[in-house]
2 protein chains.
Amino acid sequence: MLTEERYRIILERLQERGVVKLQELVELLEASESTVRRDLIDLEERQLLKRIHGGAALPSPKMQEPGIEEKTFRNIQQKNAVARLAAAQVVDGESIYIDAGTTTLAMIPFIEAKDVTVVTNGLSHIEGLVSKRIKSYLLGGMMKIHTKAVIGSIALQNMDNFRFDRCFLGTNGVDVEMGYTTPDPEEALIKRRAHQLSASSYVLADSSKLGEVSFAKLLDLNEATLITESLTPSWRKSISQKTNIIEGS
Amino acid sequence: MLTEERYRIILERLQERGVVKLQELVELLEASESTVRRDLIDLEERQLLKRIHGGAALPSPKMQEPGIEEKTFRNIQQKNAVARLAAAQVVDGESIYIDAGTTTLAMIPFIEAKDVTVVTNGLSHIEGLVSKRIKSYLLGGMMKIHTKAVIGSIALQNMDNFRFDRCFLGTNGVDVEMGYTTPDPEEALIKRRAHQLSASSYVLADSSKLGEVSFAKLLDLNEATLITESLTPSWRKSISQKTNIIEGS
DNA sequence: TTCAAAATCATTCAAAATCATTCATCAAAA
DNA sequence: TTTTGATGAATGATTTTGAATGATTTTGAA
């Protein structure tokens, strides 16, 4: 494995976890302890990490994103839990579609599968994807101003260039009767088309979305697998008759 | 195999993976180690990749040194002068194509025409466009990792959805004999196609680009109007025989 | 707290891999 | 024909790597 490749993997892992053990890296990189140790020394000299006894940690309390505005800590926790579950579904070598939206955005750092190809209509998603060196295609079409998502007929047509092993969609509402719903009909069209082009479809929804109903319908419950972080027993009972569920611990 | 073909394959592979091993390329290109090594040296000189022990990696888009590079005040002044001239060409109600790149990016704030529709392949451009409430379409396709530009065959195909009144292209070199040139052949293809789909084509180049020649050719001088901020009389004479010029005061 | 065992670390060295340079060959252009 | 440029092989130089060694730090029990 190339030196730069190791550097990248180390930093990536560090971003995800905050700290890494040296032995963990030895195993992950399939390199000797000496080599990993040398890598850490190099990266520390570049100020990209701080070496600690037994491994390495993020340098200074890093600049967090300035705009975590209205989201509560609890919401972020939930969103990340869902995102992590979703990312774990991706298998090496697959091509997947990732919908625009904050929940799907959160799953990108957790993707560990190798050699995947990602198509997305989310402008914000591209940044994270390229920094993970994931081969990425952006859907062309009209920019929706507020959400930085690509929508419209050209996007739909553009999507026909692709076929996906899996698609991961966001939603604003999950309801037993109404299925999955979202406010913007244009976005709903895009999501629906992604579903049609995918072998498997997943909808990501933290528990705050349960019981909500929005304007435009994406899918019926039975058309996709629901990924959520936790369900009350009564919800689990009523939903599980209609759809597959991937649920956090 | 032709040299240029090898270059193309190397850069392609690099875009896909972020790093390539030298031995990998030897096998892929069916050339000797010496030849591949020479190719890498050439491409590094063109700044299209960074050689590392064991192979090559994408050039790090690190902080530009304010010393030599184009971050000087003078260059920004020039770039803005060119950008302003270009933006002034846009007429109310037109649809235009704006190429990825820093010079074309600079023209967006200066656009005053009303009711224009913009198509671009530059991710960075979208931000400015939507904040000016300009109706914007993004080209779909593969993301080029270090310039945040969309390239590739899908982008080309995607572009066929549009016709433009004008297109504004960036360049890295303007030469009387060689015409307009740029380092990346993939980007050159995109630019060329934009030209073909436009009623009028403009190439933006501050005076530092004059006499420079890069790797891949976009257009001949006579195919587009050159927009630049100032010309020496000798340059004006030699270029004006071949092309239209829009020149700053 | 203090001590000893365990874990982690820094340093060194030799082997392996990779690199730069040189040179001979070949084909196309002059 | 000679010349030019590209190519591949060979050589020795350089860099990277993994293991070994002893030093240092952490851990846990007394």
Side-chain angles (χ1 to χ4, degrees), chain A residues 1-61 114 133, chain B residues 1-60 62 173 175 177-179 181 183-185 188 212-217:
Chain A
M1 175 171 321
L2 256 35
T3 308
E4 298 271 331
E5 230 171 338
R6 289 199 311 274
Y7 287 176
R8 188 176 57 76
I9 293 175
I10 291 171
L11 293 175
E12 205 169 90
R13 172 64 69 109
L14 206 51
Q15 284 298 329
E16 287 178 14
R17 316 244 164 139
V19 292
V20 279
K21 288 213 258 295
L22 185 128
Q23 290 305 330
E24 191 181 325
L25 291 174
V26 168
E27 203 173 318
L28 182 67
L29 301 173
E30 294 172 349
S32 74
E33 186 183 309
S34 297
T35 299
V36 175
R37 215 176 277 286
R38 272 186 284 250
D39 287 348
L40 294 184
I41 291 171
D42 285 350
L43 290 172
E44 185 175 40
E45 279 172 1
R46 301 189 200 180
Q47 319 229 350
L48 295 173
L49 52 77
K50 189 179 64 175
R51 238 145 46 97
I52 57 179
H53 197 88
L58 286 173
S60 55
K114 296 302 167 197
R133 304 258 191 251
Chain B
M1 181 178 307
L2 257 37
T3 308
E4 304 226 341
E5 204 171 355
R6 290 200 309 273
Y7 287 176
R8 191 179 54 75
I9 294 175
I10 292 171
L11 292 174
E12 207 169 85
R13 173 63 69 106
L14 204 53
Q15 280 299 326
E16 287 177 12
R17 315 250 166 132
V19 291
V20 279
K21 289 212 247 297
L22 185 126
Q23 291 305 331
E24 192 180 322
L25 290 174
V26 167
E27 202 174 320
L28 183 67
L29 301 173
E30 293 172 349
S32 74
E33 186 182 309
S34 297
T35 299
V36 176
R37 217 176 275 287
R38 272 185 281 252
D39 287 348
L40 293 185
I41 290 171
D42 284 351
L43 290 171
E44 185 176 39
E45 278 171 3
R46 298 177 204 262
Q47 319 231 353
L48 295 174
L49 52 78
K50 187 181 67 174
R51 236 143 50 95
I52 60 180
H53 196 90
L58 286 172
S60 57
K62 57 171 29 174
D175 185 84
E177 291 304 320
M178 304 303 291
T181 50
D184 185 344
E212 295 290 314
V213 175
S214 192
F215 179 50
K217 178 170 175 176

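All chains are named by letter (A, B, ...) in the order of the sequence lines, taking the proteins before the strands, and each is independently numbered beginning at 1.
Between the CD atom of Gln23(A) and the P atom of dA7(C) there is a distance of 10 Å, rounded to whole Å. For the pair Ile41(B) CD1 and dG8(D) C1', the interatomic distance rounds to 15 Å; values are reported in whole Å. Regarding Ile52(B), its CD1 atom lies at a distance of 17 Å from the C1' atom of dT14(D), rounded to whole Å. Separating the CZ atom of Arg51(A) from the C1' atom of dT25(D) is a distance of 13 Å, rounded to the nearest angstrom. Rounded to a whole Å, the CG atom of Asp42(A) is 13 Å from the P atom of dA10(C). In this structure, CG of Leu2(A) is placed 17 Å from P of dT15(D), rounded to the nearest angstrom. The CD atom of Glu33(A) sits 12 Å away from the P atom of dA7(C) (whole-angstrom rounding). Taking atom CD of Glu30(A) as the reference point, atom P of dT17(D) lies 14 Å away to the nearest angstrom.
Residue Arg38(A) places its side chain closer to dG18(D) than to any other of dA20(C), dG8(D), dG18(D). Side-chain proximity of His53(B) to the nucleotides dT17(D), dT7(D), dC19(C) is greatest for dC19(C). Comparing dA20(D), dT17(D), dA20(C) by their closest approach to the side chain of Arg6(A) singles out dT17(D).
For Glu44(A) (side chain) and Leu49(A) (main-chain N/O), no donor-acceptor pair under 3.5 Å exists by modelled atom type.
For the pair Arg8(A) and Glu4(A), the minimum side-chain heavy-atom distance is 4.5 Å or more.
Between Arg6(B) and the choices Asp42(B), Thr35(B), Asp39(B), the side-chain hydrogen bond (donor to acceptor under 3.5 Å, both in side chains) rule is met once, by Asp39(B).
At a threshold of 4.0 angstrom between heavy atoms, the contacts of Leu40(A) with the nucleic acid are absent.
Base pairing of dT27(D): its partner is dA4(C), meeting the Watson-Crick or G-U wobble criterion (both donor-acceptor distances under 3.5 Å). Applying the Watson-Crick and G-U wobble criteria (two distances, each under 3.5 Å), dG8(D) pairs with dC23(C).
Judged by distance alone, with hydrogens and angles left aside, Ser34(B) brings a side-chain donor or acceptor within reach of the base of dA9(D), the pair sitting under 3.5 Å.
Around NZ of Lys50(A), the count of heavy atoms belonging to other residues, nucleotides or ligands within 6.0 Å does not exceed 12. The environment of Glu27(A) atom CD is sparse: at most 12 non-hydrogen atoms of other residues, nucleotides or ligands sit within 6.0 angstrom.
Distances shown here put every side-chain N or O of Arg37(A) at or beyond 4.0 Å from the OP1 or OP2 atom of dT16(D).
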